[in-house]
Novice: 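For reference, the structure I am asking about is given below.
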Amino acid sequence: MRKIKQLFLGLVVLISGTACFAKQLSVQIVQHDGTQEKIINQSYVIEDELLNGFFDKGFIVTTSPAATSDSTNQDEILVKTGLLDAKDGQSDYFIQVRLYFLQDKSGADKYDGLIRMDWSIYSVATGKLVKESSFNQLKKLRIEKDLKTVSNDLLAELYKVVK
């Protein structure tokens with residue numbers, strides 16, 4: 001009887017183990033704001049919503065460090081670095097989200113809000129672009145509630161591609 005229990009338990013563990021594989025994603029936030037000095041809190045709100053949203057959907061999620069950029073060339077360099085990090089971490093996909101903030105004229109560390117979001121998804125195995133798109137009708141999103149709402153919209157779009 002003991003052998004039957006051990007055999008049954010072994011089969012349950014084997015079957016459960018094969019069902020536990022999840023896709024792994026690496027996410028990178030790239031901020032465009034005109035100052036190129038530091039990552040602002042609004043960028044971290046969006047990153048946090050994406051990470052939590054993918055985790056809740058059953059993905060294993062890692063991040064490449066958030067970065068600032070002032071050009072398409074710099075974005076491409078960040079993609080190459082992010083893909084290498086994602087490959088080292090054995091991710092299936094690398095997602096770069098580019099956030100464009102309008103800087104407030106009253107001060108270098110004040111922002112009028114998020115005005116555009118571009119995103120790209122790459123296959124880590126091939127390094128090829130899978131899909132890219134943009135949200136560019138954002139109407140200067142500022143407050144955390146609005147940023148969370150647009151992050152959830154972005155999550156839905158990204159999920160369609162990586163599910």
Side-chain angles (χ1 to χ4, degrees), residues 12-33 38-102 111-163:
V12 168
V13 168
L14 181 66
I15 292 170
S16 298
T18 59
C20 290
F21 289 104
K23 287 186 183 174
Q24 187 167 327
L25 307 173
S26 181
V27 176
Q28 179 184 56
I29 300 295
V30 177
Q31 177 181 295
H32 291 258
D33 65 13
K38 64 178 182 171
I39 304 299
I40 59 174
N41 188 50
Q42 291 90 328
S43 294
Y44 289 122
V45 168
I46 292 169
E47 179 182 58
D48 192 47
E49 287 298 306
L50 291 176
L51 297 178
N52 289 334
F54 276 122
F55 181 79
D56 290 345
K57 291 184 180 297
F59 289 84
I60 299 168
V61 189
T62 62
T63 61
S64 287
T68 60
S69 174
D70 62 358
S71 69
T72 304
N73 288 340
Q74 196 167 0
D75 292 347
E76 291 172 7
I77 292 168
L78 290 168
V79 165
K80 289 177 184 174
T81 304
L83 278 168
L84 287 174
D85 289 345
K87 192 170 193 168
D88 287 344
Q90 299 178 341
S91 293
D92 298 304
Y93 293 100
F94 172 71
I95 300 170
Q96 185 186 68
V97 178
R98 293 170 301 282
L99 306 173
Y100 295 84
F101 291 93
L102 186 61
Y111 299 91
D112 257 354
L114 181 65
I115 55 172
R116 188 172 114 210
M117 239 182 353
D118 297 342
W119 56 268
S120 304
I121 300 176
Y122 296 85
S123 166
V124 173
T126 65
K128 303 276 185 199
L129 179 67
V130 175
K131 184 166 185 180
E132 65 183 345
S133 191
S134 180
F135 289 172
N136 56 9
Q137 302 294 325
L138 297 180
K139 298 185 173 102
K140 295 189 198 179
L141 298 178
R142 270 179 267 213
I143 61 174
E144 190 169 328
K145 179 182 169 190
D146 291 340
L147 292 170
K148 286 182 177 186
T149 300
V150 78
S151 297
N152 288 324
D153 294 343
L154 175 61
L155 177 67
E157 289 296 312
L158 297 171
Y159 181 72
K160 288 177 191 174
V161 179
V162 299
K163 66 179 176 180

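Since this is a predicted model, take the numbers as computed values, not measurements.
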Novice: Which pair of heavy atoms, one from Leu155 and one from Gly53, lies closest together, and at what distance?
Specialist: CD2-CA, 3.5 Å
Novice: Rounded to the nearest 0.5 Å, what's the gap from CG on Leu50 to CG on Leu158? Could you check?
Specialist: 6.5 Å
Novice: Is it true that a side-chain atom of Gln24 and a backbone atom of Ala86 form a donor plus acceptor pair closer than 3.5 Å?
Specialist: no
Novice: Do the rings of His32 and Tyr100 sit parallel, tilted or perpendicular, given the 30° and 60° boundaries?
Specialist: parallel
Novice: What distance separates Ser123 OG from Leu129 CG, expressed to the nearest 0.5 Å?
Specialist: 10.5 Å
Novice: Ignoring hydrogens and geometry, is there a side-chain-to-backbone donor-acceptor pair from Lys57 to Tyr159 under 3.5 Å?
Specialist: no
Novice: Would you mind reporting whether Ile95 and Val161 have side-chain heavy atoms less than 4.5 Å apart?
Specialist: no
Novice: Measuring from Phe55:CZ to Ile60:CD1, what's the distance to the nearest 0.5 Å?
Specialist: 9.0 Å
Novice: For a 4.5 angstrom cut-off between non-hydrogen side-chain atoms, does Asp118 reach Glu132?
Specialist: no
Novice: Ignoring hydrogens and geometry, is there a side-chain-to-backbone donor-acceptor pair from Lys23 to Lys163 under 3.5 Å?
Specialist: yes
Novice: Would you mind reporting whether Thr68 and Ile39 have side-chain heavy atoms less than 4.5 Å apart?
Specialist: yes
Novice: To the nearest 0.5 Å, what is the distance between CD on Glu76 and OG on Ser120?
Specialist: 10.0 Å
Novice: For Phe101 versus Ser43, what's the shortest heavy-atom pair and its separation?
Specialist: CE1-OG, 3.4 Å
Novice: May I ask you to decide if Ile40's main-chain N or O and Gln31's side chain share a donor-acceptor pair within less than 3.5 Å?
Specialist: yes
Novice: Just wondering, do Val124 and Ser26 contact through their side chains at under 4.5 Å, heavy atoms?
Specialist: no
Novice: Please enumerate all residues that pass side chain to side chain donor-acceptor pair (under 3.5 Å) together with Gln96, with sequence neighbours excluded.
Specialist: Gln28, Arg98
Novice: If we only count heavy atoms from C-beta on, is the Thr81 to Ser64 side-chain gap below 4.5 Å?
Specialist: no
Novice: Find the distance between CD1 (Ile29) and CD (Gln42) and round it off to the nearest 0.5 Å.
Specialist: 12.5 Å
Novice: Would you find more than 12 non-hydrogen atoms of other residues, nucleotides or ligands less than 6.0 Å from Glu157 atom CD?
Specialist: yes
Novice: Where the side chain of Ser69 meets the backbone of Ser71, is there a donor-acceptor pair that is under 3.5 Å apart?
Specialist: yes
Novice: Just jot down the ring pair (Phe, Tyr, Trp, His ring centres under 6.0 Å) partners of Tyr93, sequence neighbours excluded, or say none.
Specialist: none
Novice: Report the distance from atom CG of Leu51 to atom CG of Leu25, rounding to the nearest 0.5 Å.
Specialist: 9.5 Å
Novice: For the residue pair Leu114 and Ile46, establish whether any side-chain heavy-atom pair is separated by less than 4.5 Å.
Specialist: yes
Novice: Any donor and acceptor pair, going by atom type alone, linking the side chain of Asn152 with main-chain N or O of Lys148 inside 3.5 Å?
Specialist: yes
Novice: Could you tell me whether the side chain of Gln74 and the main chain of Asp70 form a donor-acceptor pair under 3.5 Å?
Specialist: yes
